[in-house]
Amino acid sequence: MTVRMLGVGLLAGCFATSAALRADEIPEKYRETVKKALSWLVKQQHKDGHWGANADQSPVSMTSLAGMALLMEGSTVRDGKYAPNIRQAANWLMERSMKGGGRDGLIGNPDHPTEAGRYMYGHGFGLLFLSSVYGDEEDRDRREKLKDILTRAVKYSVASQSSRGGWYYISKTEGGDNDEGSVTITQVQALRAARNAGIPVPKQAVKKTYEYLKECTSPNGAVYYSFRSRSERPAITAAAIACLFNAGEYKDELCKKWFKYCHRTIGIGQNIGGPRIGHDEYTHYYFGQCMYILGDDGWEKLYGSTPEAERLTWSKYRAQMFDHLQRTQNADGSWTGTGGWGVGPVYSTAIYATIMQLDKGTLPIYQR
């Protein structure tokens, strides 16, 4: 093990340990809600280690997202209450790392009927999850295997990037050099997680994405669905903020512009708990991350004293969003999946359990 790899492993271990010590940072009134959600999730895991949505749809994406929710609890691939579940999930995803040919490095199952036309989602979430468990893997052979999988996965992501700097549901070669905002954000966050784990990621790939998102920003401050589309999307705009935050670009004027648009369309005290805005889970998965990183005084520090400073705070968002989630949670601990991909409760529960555990600060990719 190199010094760099050892450092990454120790860092990840520290995060896991500190998470256990800081578990009380989740407000007490919400702890049982989170506990029920995680308990429901583990009951849905298949014997081979994977999760699936309704009718076992999108297993690569669902396994990765459910695995991330369990990692947020503080368990790792080797320690903690959910270690066996996390290891099973990691094993299942590692087995889906393709070797050779034009798809070398793809983490996916492109022959699966619900993933054939959008396998880059699964690849991105798979890269995110496996990067997050890599630092805690102590078995030398498995570490080397994971390193190889992650290295080839990064190369596949970079090779799949469109000439404009975005990503599409399928690779650049197979997708006609098209792009789409939500897939783009999935790839960028995955690449950031890989970089956090010590896997080399070309800076040019991230730079191209910044230019892509800049070109896709409307006069209103929204991010378009794609480069060729003029359709403004609150969900993708929220995800774009998370993208730049992950890259350390907190003070960028684009972030400020995107935040103001999200405040008008997603709103704190407006739509939370009201009529669904579409792609709700996806929207709040990223908007929640942004609000957590912003904290309670982040807006003023980053963007000055504007009318948004008083309203855009983590405490206010958390109170309204978490109260809404507590009210709408099913008796079994799940949330009913509607909107978004329409793929069901595994997706919704994994997303909401992740949001409700942000205060733990367990994983580098979600930390302030």
Side-chain angles (χ1 to χ4, degrees), residues 61 64-65 68-69 71-72 120-121 124-125 127-129 131-132 157 165-167 180-196 201 205-214 216-217 221-225 232-263 265-268 277 279-295 298-299 302-303 308 312-314 317-318 321 340 350-368:
S61 294
S64 304
L65 288 169
M68 292 297 287
L71 286 171
M72 291 289 283
M120 289 305 294
Y121 276 123
F125 288 129
L127 177 55
L128 174 67
F129 173 73
S131 295
S132 299
S157 282
W167 277 267
E180 190 274 342
S182 65
V183 185
T184 296
I185 305 306
T186 302
Q187 297 304 310
V188 173
Q189 192 166 68
L191 291 173
R192 178 63 184 183
R195 184 180 175 187
N196 287 345
V201 175
V206 178
K207 184 178 180 181
K208 282 176 64 180
T209 303
Y210 175 84
E211 294 301 325
Y212 168 81
L213 292 172
K214 184 177 180 180
C216 286
T217 299
V223 177
Y224 294 130
Y225 169 72
E232 297 182 347
R233 299 294 177 92
I236 296 176
T237 307
I241 302 171
C243 175
L244 288 199
F245 273 16
N246 286 158
E249 300 294 338
Y250 303 105
K251 293 187 177 182
D252 195 283
E253 279 299 309
L254 274 179
C255 282
K256 183 178 180 180
K257 195 173 184 179
W258 294 337
F259 251 127
K260 287 187 173 183
Y261 174 81
C262 286
H263 179 251
T265 56
I266 300 170
I268 295 180
I277 59 176
H279 302 281
D280 292 42
E281 293 90 346
Y282 181 90
T283 300
H284 286 286
Y285 173 63
Y286 288 110
F287 194 58
Q289 293 176 43
C290 299
M291 292 304 300
Y292 170 70
I293 294 171
L294 199 63
W299 180 273
L302 293 174
Y303 311 122
E308 290 81 11
L312 283 172
T313 70
W314 169 242
Y317 172 84
R318 180 178 61 190
M321 184 64 182
I351 292 291
Y352 291 146
T354 296
I355 295 170
M356 295 190 77
Q357 296 181 94
L358 286 169
D359 278 312
K360 286 191 171 186
T362 310
L363 301 177
I365 195 65
Y366 297 135
Q367 287 176 341
R368 289 186 172 124

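Positions are given from 1 along the sequence.
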- Item | Flag, side chain of E211 to backbone of K207, donor-acceptor distance under 3.5 Å | no
- Task: Take L213 and I185 through the test side chain to side chain contact (heavy atoms under 4.5 Å, CB included) and record every step on the way to the result.
- Result: CA-CA 10 Å; L213 292 172; I185 305 306; 4.2 Å; yes
- Nearest 0.5 Å, what's the CD-OG distance between Q187 and S182? 10.0 Å
- Item | Close side-chain approach of I293 and I241, heavy atoms under 4.5 Å | no
- Distance in Å, S131 OG paired with N196 CG, rounded so as to fall on 0.5 Å steps: 8.5 Å
- Task: Please tell me if the side chains of E249 and L254 come closer than 4.5 Å, counting only heavy atoms from C-beta onward.
- Result: no
- Message: If I compare all heavy atoms of A240 with all of V223, which pair ends up nearest, and what's the gap?
- Response: CB-CG2, 3.8 Å
- Note on the structure: Between F287 and the options Y282, Y317, Y261, the ring-ring contact (aromatic ring centres under 6.0 Å, His included) test singles out Y317
- Message: Which heavy atom of K257 sits nearest to which heavy atom of G221, and what is that distance?
- Response: CG-CA, 3.6 Å
- Going from CH2 on W299 to SG on C255, what distance comes out if it is rounded to the nearest 0.5 angstrom? 9.5 Å
- Query: For N246 and R192, which heavy atoms make the closest approach, and how far apart are they?
  - Reply: O-NE, 2.8 Å
- Task: Quick one: closest heavy-atom pair of P234 and E232, and the distance?
- Result: CD-O, 3.9 Å
- Item | Spacing of Y286 atom OH and I355 atom CD1 [to the nearest 0.5 Å] | 11.0 Å
- Message: Testing the basics here: between W167 and M120, what is the closest heavy-atom pair and its distance to 0.1 Å?
- Response: CD1-CE, 4.0 Å
- Task: Could you walk me through whether Q189 and I365 pass the side chain to side chain contact (heavy atoms under 4.5 Å, CB included) test, one step at a time?
- Result: CA-CA 8 Å; Q189 192 166 68; I365 195 65; 3.7 Å; yes
- Item | Worked verdict on L65 versus T354 for side chain to side chain contact (heavy atoms under 4.5 Å, CB included) | CA-CA 9 Å; L65 288 169; T354 296; over 6 Å; no
- Query: At what distance, to the nearest 0.5 angstrom, does CE of M291 lie from NE2 of H284?
  - Reply: 11.0 Å
- Message: Using the ring-ring contact (aromatic ring centres under 6.0 Å, His included) definition, which of the options Y250, Y292, Y366 pairs with F245?
- Response: Y250
- M72 side chain near L358 side chain, heavy-atom distance below 4.5 Å: yes
- Message: Return the CD to OH distance between E253 and Y303, rounded to the nearest 0.5 Å.
- Response: 8.5 Å
- Locate the shortest heavy-atom distance separating A190 from G124; write the atom from each residue and the value. CB-O, 3.1 Å
- Message: Tell me whether the rings of Y121 and F125 are parallel (<30°), tilted (30 to 60°) or perpendicular (>60°).
- Response: parallel
- Item | Validation row: T362, Q357 side chains within 4.5 angstrom (heavy atoms) | no
- Query: Less than 4.5 Å apart, any side-chain heavy atom of L244 and any of Y210?
  - Reply: yes
- Task: Answer yes or no: is there a side-chain heavy-atom contact under 4.5 Å between L127 and L191?
- Result: yes
- Message: Using side-chain heavy atoms (C-beta onward) and a distance below 4.5 Å, is D280 in contact with Y352?
- Response: yes
